[in-house]
Amino acid sequence: MDYQNILESIYKQILPFAKEGKPADYIPALAAVNPDRFGMCINTIDGGEFAIEQSDVRFSIQSISKVFALAMALSLKGEEVWKRVGREPSGTAFNSLVQLEIEHGLPRNPFINAGAMVILDMLLTSLDNPEEEFLNFVRKLSASDTISYNTVVSRSERETGYLNAAIANMLKYHKNLDCEVERVLQFYFMICSIEMSCKELARAFLAFANHKNHFEYAGVSLTSSQVKRMNAVMQTCGFYDEAGEFSYLVGLPGKSGVGGGIAAIYPSRYSVAVWSPRLNSKGNSVMGIKALELLTTETEESIF
Ligand code: GLN
């Protein structure tokens, strides 16, 4: 498969959508990012790397970090994780409070904000240096030692994070957080502020595409069955209330973030990362979804 040619052809086809959507502006530090950036990178499990445009430029990975958090929690706690968070699509926005109240503080899945906070609470009570260990895991996974948090972004999110603070308080009220609300929020905003390039993200997600190989990075160890199941959760819950649409259009497990990034995998074949900051009304990258839709259409490869 000539992935390089396919990527270049995709880029030409999505250019008409370049001005559609708008970057996340509810996080002031993210509103400052140049909205016209674009990058895309594919890593194949036989060692190929194919990239176009600004695939080396780092951006805020935001909710994509929730995949790394779940991997760490599953490695530490195994099936215990599912006692405090579900694995059903929410059908609501990533920061919805309504469902969490109706369902008594049990988040639908680990990829909405509430679910990620519960997962991070588990990490906080199990790890000595959670922030450091989290970063170390992400660095090992993507073979890049310089990946880091952007504290300007995390501070900006905390200062305006009224809804996320409400979610954390609701969880605490329902006794689904052991740590203090402020500590969980601090960790949550830190992991959202991690910056990675498309190349680094594609490399990190290759481990999920390669589920038949043992997953072992910086002490985070998952069986192939656990990785397969994580991929299942990405398929059903990776795009909030647009998970069905993404499945329909693209047909790959993946995860998006409001920084405009999307990482997806084709099990046993490749991982792909795409970045374009303009988002649709569901908080997913307009050009990113379009590019991935074209990728699975042109290659005639999807999990279905
Ligand atoms: N940090 C963002 C928030 O909590 C993450 C949301 C996202 O990427 N969907 O609102």
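As the structure lists them, so they are numbered: ligands from 1, and atoms in each ligand from 1. Remember, it's a predicted structure, so these values are computed and weren't measured experimentally.
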Would you please determine whether N95 falls within less than 4.0 Å of ligand 1 on a heavy-atom basis? no

Does R37 qualify as a cation-pi partner of W275, given the criterion of NZ or CZ under 6.0 Å from the six-membered ring centre and within 45 degrees of its axis? no

Does N284 offer a backbone N or O that forms a donor-acceptor pair with the side chain of S256 under 3.5 Å? no

Min side-chain heavy-atom separation N150-S60 under 4.5 Å: no

Which of the atoms in ligand 1, numbered in the order shown and given with their element, are less than 4.0 Å from a heavy-atom of N113? 3 (C), 4 (O), 10 (O)

Does any N or O in the side chain of D25 come within less than 3.5 Å of the main-chain N or O of P28, such that one atom is a donor and the other an acceptor? no

Short N or O distance, S63 and ligand 1, threshold 3.5 Å exclusive: yes

Test of proximity, V258 against ligand 1: N or O pairs below 3.5 Å: yes

Is it the case that ligand 1 has an N or O less than 3.5 angstrom from some N or O of Y26? yes

Atoms of ligand 1, numbered as shown, that sit under 4.0 Å from any heavy atom of N164: 3 (C), 4 (O), 10 (O)

Would you say S156's side chain and A29's backbone share a donor-acceptor pair under 3.5 angstrom? yes

Can you name the atoms of ligand 1, numbered from 1 with element, that are less than 4.0 Å from a heavy atom of G257? 8 (O)

For atom 2 (C) of ligand 1, closest protein heavy-atom neighbour: Q62 OE1, 3.0 Å

Only heavy atoms of E157, strictly under 4.0 Å: list the atoms of ligand 1 that pass. 1 (N), 2 (C), 3 (C), 4 (O)

I need the nearest protein heavy-atom contact for atom 4 (O) of ligand 1: residue, atom name and distance, please. Y188 OH, 2.6 Å

Under 4.0 Å from a heavy atom of Y240: give me the atoms of ligand 1 that qualify, with their elements. 7 (C), 8 (O), 9 (N)

By number and element, which atoms of ligand 1 are closer than 4.0 Å to a non-hydrogen atom of C192? 1 (N)

Given Y217, F215, F205, the one that forms ring pair (Phe, Tyr, Trp, His ring centres under 6.0 Å) with F68: F205

Do side-chain atoms of E8 reach the backbone of N5 as a donor and acceptor pair under 3.5 angstrom? no

Ignoring hydrogens and angles, tell me if any N or O in the side chain of S96 forms a donor-acceptor pair with the backbone of A93 under 3.5 Å. no

Check side-chain contact (heavy atoms from CB on, under 4.5 Å) between K212 and all other residues, then give those that pass, not counting sequence neighbours. S268

For ligand 1, which atoms sit closer than 4.0 Å to a heavy atom of F94? 6 (C), 9 (N), 10 (O)

